[in-house]
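Every value quoted in this text rests on a predicted model; they were computed, and no experiment measured them.
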Amino acid sequence: MLPGVQVHCRTASTAEEHGAAIEAWWKQQFALMGDVSQFMNLFKRRVSGSVADSVRARELSPGGSDHAGAPLRLNMKLPHLTPMLLLPVLALAQSAGDVVKLDRYVVVAPPIVGETQVDFLASAVTAVSEQQLIEQNARDLQSALRKVPGVVVSHFNPVGSFGGGEGGAIFIRGMGTARPGAEIQLSIDGVPSYNSIWTHPILDMLNTDIARRIDVYKGAQPVLYGNMAFAVVDLAPKQQEHAGQSAKVTLTAGSFGTWSAAAESGHRGGALDTYVLASARASDGHRANADGRLRAGYVRLGWTFDGHWSARIIYNGTSNYADDPGPDPALVPPAQVFGNGRFADDNDLVVATVSHRFATFEGSLKAHLSQGKLDWTGQYHAASGRNENVTVTEYANRGFKAREIFRPWEGTEILGGFDHDTIAGQYRTVTGGVAGSFPRATVRINSVYAAASRSWGLGRGWTLRPSLGARALNHSVFADEFAPQGGVVVGDGATEFHFSGARGVNYPGLFVMAFPPGNNRHQELAAETVEHWEIGVSRRWGAGTKVEMSVFRDDGADRIVTSYPPFPPVWKNLTAFRSEGMEGAVTFAPNEAWSVYAAVTVMRATPDDLPYVPDWSGSLGWNWRLTRQFRLSLDGQFVGGRTVLSRNRDLNALNASRLGSYVLLNARLAYEFDAKMWGLAGECFVAGENLGDARYQQKFGYPMPGANGTVGVSFRY
């Protein structure tokens, strides 16, 4: 089976039986309201009892603060409508004469993230589902992934990512720290989304409102994802899952003038399926000039020709900006108190796919186009002391991906594919009043890959599944590369051991031609590489308890830096790095009413100033369904001491900025309602972040928000 995630859900045996049970339950509650002790005893039995059977479904996925002591603040500017929308909902819920009937009883999801699954090539994949994004009140990719074990984030603003460096970035087990350039591939529907000049991804291009699921690969993935895949974050976009139609509207308002609005609708009937979504999100920011705005639109059109062939096309458009508030004057010397203007990005992504599925083989052909513009204005110019510099980057990436999977015998899978990518970009600048530019450049990467996996029974329920694959890459400028990958999985269903190894490849971006020292012997460069090794074990007890442990190591080589002195500086493959550590996680869900997730990651790096590699980090989540309508989500995050700032591509670059540890506590309380008289259902909620009002920074001199809150409502049809 190719990379996927396992989703657990529980439903009543029939809708009629469940509806009758819920109606009887509520009648009993109202009858017992007069006797508090009887009511509480019944409540405890109800929330801990099992009312549903378990079923499983598997989806394939190929491809320090300045607010200490301040009270919780809600500064609702735009959506004054939200509190008024909540009033009729609460009034309806509090009417003792009404019996609320729910179409289905939705149990709690595993908090924070889903269970780690082991894929076709023995790689561990951690997934964050759409429901988990809701439970975490995730506003962007940083907030969606910050509690995934081994992931560290950095940003300046409550809404919006400032650029692709420390103002808006994710780092996975020490990967993604070099700028310009990056080693982490961010993808939508298996297609990389990044700007071609500076190479590193822009996080706001991956709008989490469209996410059905986000898969996180914390090691090199050369076979499935190719270039720039020392680690991978792949967003699976939404689609209408079942026949019929659906619609949803969500409105939120919160601290710092933060608000959001999203409307989405899907339809599936006959051969056609559609899904459309539009969303907007903005904030004034917790400090002056910490404002940001995200706007996005998404469309999916799908067509099923027959039982074997189908096609789909998706469009994702984003238009965003974020401002740099600059360091806090109370935290840095006066000479460092300046901001770097506004970073705006616009991107359009189109992916068209034709796929087929037969008994012994399946495959797809994708054509894709991603183009956009980065507009960085108001950059600080040290010589003049004014915010006058400008950089405008334009890029266009296009190509196609062909993939086929064969299953000639039971327990055997053979994968093959071919990718073609054309990468183009240009930029222009104004620095100290002097204009400059880099003319449009284009490079091409062709690659072919193959892999095979075979399962053997070992007796007593145990199986052995080895796998082996490789990708060969051909670049129009740089030397060819070969990237093998493989692993072994041994398990009996309850206990599973896995071992994997891979060689990741990251070709130089166009910045080595464009960025000073610019076009200076760049043709002599080789691709950056990493050798990734991981061994892990997991043990499951029943359907709701799982313990996972893993040990990992990444050895990077040929990192590209400028050799200076002597003058002139020259791009060279000179440096190496290593990150290694251990990771453990526990999922505990004894019944349908509550579930707990806890994880810890311990890491060390060489050199020891490799940024965003905390000594250790951890996350904890608890989802609890208090009653049929009320649902509580609690989560916490600990991040240990770490060096920060991107590691500049300079031979003598050192990161002297080291920040201390911090703990964040968050909560979300939701009330689910069903207004049958209007044909609607939904929820209203209140959420709080950094409830301990912790003083913390993700870049030296940039205090992050203190305690803050959000209220919201969503309606479903």
Is the centre of the [X] ring less than 6.0 Å from the centre of the [Y] ring?
X	Y	value
F638	W616	yes
F715	F673	yes
W541	F588	no

Give the intermediate values and the outcome of side chain to side chain donor-acceptor pair (under 3.5 Å) for residues E166 and S154.
CA-CA 5 Å; E166 57 268 13; S154 178; over 6 Å; no
Please list, chain by chain and in numerical order, all residues satisfying salt bridge (Lys or Arg N to Asp or Glu O under 4.0 Å) with [X], sequence neighbours excluded.
X	answer
D324	none
D140	none
K238	E130, E264
D345	none

Which of these passes side chain to side chain contact (heavy atoms under 4.5 Å, CB included) with [X]: [options]?
X	options	value
R287	P705, P703, P158	P703
V686	L669, N137, T710	L669
R268	H242, Q239, E241	Q239

Answer whether the closest heavy-atom distance between the side chains of [X] and [Y] falls below 4.5 Å.
X	Y	value
Y702	L331	no
P325	F156	yes
E683	Q629	no
S617	V600	no

Distance check, rounded to the nearest 0.5 Å: [X] atom [atom1] versus [Y] atom [atom2]?
X	Y	atom1	atom2	answer
H286	F256	NE2	CZ	7.0 Å
M205	I188	CE	CD1	9.5 Å
I214	L141	CD1	CG	5.5 Å
T545	R539	OG1	CZ	11.0 Å
I184	R173	CD1	CZ	11.5 Å
I210	Y298	CD1	OH	6.0 Å

Please find the pair of heavy atoms, one from [X] and one from [Y], that lie closest to each other, and give the distance.
X	Y	result
A138	T208	O-OG1, 4.4 Å
V663	A694	O-CB, 3.4 Å
L186	I170	CD2-CD1, 3.9 Å
T116	T126	OG1-OG1, 3.2 Å
G682	R716	CA-NH1, 3.5 Å
V233	L145	CG1-CD1, 3.9 Å

Check: [X] side chain, [Y] main-chain N or O, donor-acceptor pair, under 3.5 Å:
X	Y	answer
Q637	R146	yes
N157	V159	no
Q132	S129	yes
D693	A707	yes

Go through the structure and list residues passing side-chain contact (heavy atoms from CB on, under 4.5 Å) with [X], not counting sequence neighbours.
X	answer
A263	V249
S319	R293, R295, D346
T250	K248, T252, S714
L620	V596, A598

With sequence neighbours excluded, residues passing side chain to side chain donor-acceptor pair (under 3.5 Å) with [X]:
X	answer
S187	Q185
S283	T258
D273	R300
T601	E583

Starting from the C-alpha separation in whole Å, work towards a yes-or-no answer on side chain to side chain contact (heavy atoms under 4.5 Å, CB included) for E592 and R625.
CA-CA 8 Å; E592 289 78 7; R625 181 171 288 278; over 6 Å; no
Is a donor from one side chain sitting under 3.5 angstrom from an acceptor on the other, for [X] and [Y]?
X	Y	value
N666	D635	yes
D204	S161	yes
S633	E135	yes

Side chain to side chain contact (heavy atoms under 4.5 Å, CB included), that's the test. Do V153 and Q698 meet it? Break it down for me.
CA-CA 8 Å; V153 306; Q698 292 175 338; 3.8 Å; yes
Do the charged groups of R540 and E548 touch, with an N to O distance under 4.0 Å?
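No, R540 and E548 are not salt-bridged.
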